[in-house]
Enquirer: 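Please find one structure pasted underneath; my questions will follow.
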Amino acid sequence: MFEGPVQDLIDELGRLPGVGPKSAQRIAFHLLAADAADVTRLQEVLQKVKEGVQFCEVCGNVSERERCRYCADARRDPTIVCVVEEPRDVLAVERTREFKGRYHVLGGALDPLGGIGPDALRIRELLARLGGTGPASDEGDIGEVIIATDPNTEGEATATYLVRLLKDFPGLSVTRLASGLPMGGDLEFADEMTLGRALAGRRALS
């Protein structure tokens, strides 16, 4: 172990997703060797993110304002809502250029072993949107919900749970991305063509 602040920095970097001990050490020593101005700029950006970025009051996507650009865009179809796990999945769907509706970000997926149950996700907010209440009460009636959770165990469990909740909403079509996405993967890593086809060929679940 290294002494004092250096080890503290390595430990904190190692808590970031996807950063192992060796990667944390490399990043730490890169920062130690960087110009003071570069480190200051990074520090300022991190501070701005914490102070200036919030979650959209309607869909839960990251935003600089109360409503993200997708919820605030009157040109997008409010009758179709694509449900994804994380904000990064919104970007993955947007890259396909196939979807012109709006989004709902759950903030994760069901994972009982990891202690993530329905109450930890933005499922209540989704039900409120469908019921025409809450911040999205001006959206009008939603006619289709596309479940675009990841094609892995947690994503499939989340999709199954959502279908059970949504099947009794009158006049609501619940669809799932078509097969073709690699099982066990994340939506954000799917190429645009494959994800676009899965979106265009989505299948009805109820």
Side-chain angles (χ1 to χ4, degrees), residues 11-21 23-24 49-50 53-63 68 70-71 80-94 96 99 101-136 142 144-170 172-191 194-195 198-199 201-206:
D11 291 342
E12 290 303 315
L13 290 170
R15 295 171 59 189
L16 297 174
V19 178
S23 295
V49 167
K50 289 303 295 180
V53 176
Q54 56 188 306
F55 293 99
C56 175
E57 66 176 4
V58 176
C59 73
N61 191 20
V62 290
S63 176
C68 71
Y70 305 114
C71 289
I80 306 176
V81 172
C82 182
V83 178
V84 297
E85 293 181 19
E86 302 287 355
R88 60 179 179 264
D89 298 324
V90 172
L91 296 181
V93 174
E94 282 297 295
T96 68
F99 183 66
R102 294 184 179 172
Y103 294 94
H104 189 87
V105 181
L106 294 172
L110 292 177
D111 182 9
L113 295 179
I116 302 176
D119 291 341
L121 305 179
R122 298 186 71 258
I123 294 176
R124 283 192 300 269
E125 290 83 350
L126 175 62
L127 298 179
R129 288 182 75 176
L130 293 172
T133 61
I142 295 173
E144 180 183 1
V145 169
I146 304 170
I147 300 178
T149 50
D150 289 341
N152 54 29
T153 303
E154 292 81 7
E156 290 299 326
T158 306
T160 301
Y161 181 80
L162 289 176
V163 169
R164 289 204 303 267
L165 290 180
L166 303 181
K167 65 180 181 179
D168 293 328
F169 275 85
L172 180 66
S173 172
V174 182
T175 58
R176 182 81 166 112
L177 296 181
S179 57
L181 294 172
M183 284 299 296
D186 291 336
L187 209 66
E188 63 173 321
F189 298 130
D191 66 87
T194 301
L195 182 53
L199 187 62
R202 56 189 182 273
R203 63 187 189 277
L205 298 180
S206 67

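Each residue takes its place number in the sequence, starting with 1.
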Enquirer: Once ring pair (Phe, Tyr, Trp, His ring centres under 6.0 Å) is applied, do any residues pair with Tyr70, and if so which ones, sequence neighbours excluded?
Expert: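 Testing Tyr70 for ring pair (Phe, Tyr, Trp, His ring centres under 6.0 Å), a comparison that skips the adjacent residues, returns Tyr103.
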
Enquirer: For Glu85 and Asp150, which heavy atoms make the closest approach, and how far apart are they?
Expert: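 Answer, listing the atom of Glu85 first, then Asp150: OE2-N, 2.9 Å.
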
Enquirer: Answer yes or no: is there a side-chain heavy-atom contact under 4.5 Å between Ile80 and Ile142?
Expert: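 They are not in side-chain contact.
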
Enquirer: Check whether any side-chain heavy atom of Phe169 sits under 4.5 Å from a side-chain heavy atom of Leu166, and report yes or no.
Expert: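 Yes, their side chains come closer than 4.5 Å.
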
Enquirer: Decide yes or no on side chain to side chain contact (heavy atoms under 4.5 Å, CB included) for Asp89 and Glu86, but give the supporting numbers first.
Expert: CA-CA 5 Å; Asp89 298 324; Glu86 302 287 355; 3.8 Å; yes

Enquirer: Answer yes or no: is there a donor N or O on one side and an acceptor on the other, between the side chain of Arg15 and the main chain of Glu12, under 3.5 Å?
Expert: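 Not at all, since once roles are kept as given, no pair shorter than 3.5 Å links the two residues.
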
Enquirer: Please name the pair of heavy atoms, one in Pro112 and one in Leu110, separated by the smallest distance, quoted to 0.1 Å.
Expert: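 Heavy atoms only, the tightest pair is CD-C, 4.0 Å.
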
Enquirer: What I'd like to find out is whether the side chain of Val81 reaches to under 4.5 Å of the side chain of Ile146, using heavy atoms alone.
Expert: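 Counting from C-beta outward, Val81 and Ile146 never come under 4.5 Å.
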
Enquirer: With side-chain contact (heavy atoms from CB on, under 4.5 Å) as the test, pick out the partner of Leu162 among Val174, Val145, Leu106.
Expert: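 With Leu162 as partner, Val174, Val145, Leu106 yield a single side-chain contact (heavy atoms from CB on, under 4.5 Å), made by Leu106.
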
Enquirer: Can you tell me how far apart CD1 (Ile123) and CG (Leu127) are? Round to the nearest 0.5 Å.
Expert: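 So the gap between those two atoms works out to 7.5 Å.
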
Enquirer: Give a yes or no answer on whether the side chain of Arg122 reaches the backbone of Cys59 with a donor-acceptor pair at less than 3.5 Å.
Expert: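 Checked: pair present.
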
Enquirer: Please confirm whether the backbone N or O of Ala204 pairs with a side-chain atom of Arg176, one donor and one acceptor, at under 3.5 Å?
Expert: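 A pair under 3.5 Å: no.
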
Enquirer: Compare every heavy atom of Val93 with every heavy atom of Cys82, then report the nearest pair and how far apart it is.
Expert: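 Reported closest heavy-atom pair: SG-CG2, 4.5 Å.
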
Enquirer: Scan for side chain to side chain donor-acceptor pair (under 3.5 Å) pairs involving residues 108-118, sequence neighbours excluded, and state none if there are none.
Expert: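 Found none.
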
Enquirer: Could you tell me if the side chain of Arg129 sits less than 4.5 Å from the side chain of Arg102, heavy atoms only?
Expert: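 In contact.
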
Enquirer: What's the spacing between His104 NE2 and Ile147 CD1 if we round to 0.5 Å?
Expert: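 If we round to the nearest 0.5 Å, His104:NE2 and Ile147:CD1 are 11.5 Å apart.
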
Enquirer: Do Thr149 and Val84 come within less than 4.5 Å of each other through their side chains, counting heavy atoms only?
Expert: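 When only atoms from C-beta onward are counted, Val84 and Thr149 do not touch, as no gap falls below 4.5 Å.
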
Enquirer: What closest approach, in Å, do Gly108 and Leu121 show between heavy atoms, and which atom pair accounts for it?
Expert: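 So the minimum-distance heavy-atom pair works out to C-CD2, 3.6 Å.
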
Enquirer: Hey, what do you get for CG (Asn61) to CG (Leu91), rounding to the nearest 0.5 Å?
Expert: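 One gets 7.5 Å once the value is rounded to the nearest 0.5 Å.
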
Enquirer: Looking only at heavy atoms, what is the nearest atom pair of Lys167 and Arg164, with distance?
Expert: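 For Lys167 versus Arg164, the nearest heavy atoms are CG-O, 3.5 Å.
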
Enquirer: Side chains of Leu177 and Leu195, heavy atoms from C-beta outward: is any pair under 4.5 Å?
Expert: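 The answer is yes; the side chains approach within 4.5 Å.
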
Enquirer: Measure across Cys56 and Cys71 and return the closest heavy-atom pair with its distance rounded to 0.1 Å.
Expert: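 Result for this residue pair: SG-SG, 3.8 Å.
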
Enquirer: Determine whether Thr175 and Glu144 satisfy the following criterion, side-chain hydrogen bond (donor to acceptor under 3.5 Å, both in side chains), listing intermediate values before the conclusion.
Expert: CA-CA 7 Å; Thr175 58; Glu144 180 183 1; 2.9 Å; yes

Enquirer: Measure the spacing between CZ of Phe55 and CD of Glu125 and express it to the nearest 0.5 Å.
Expert: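 Output value for this atom pair is 12.0 Å.
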
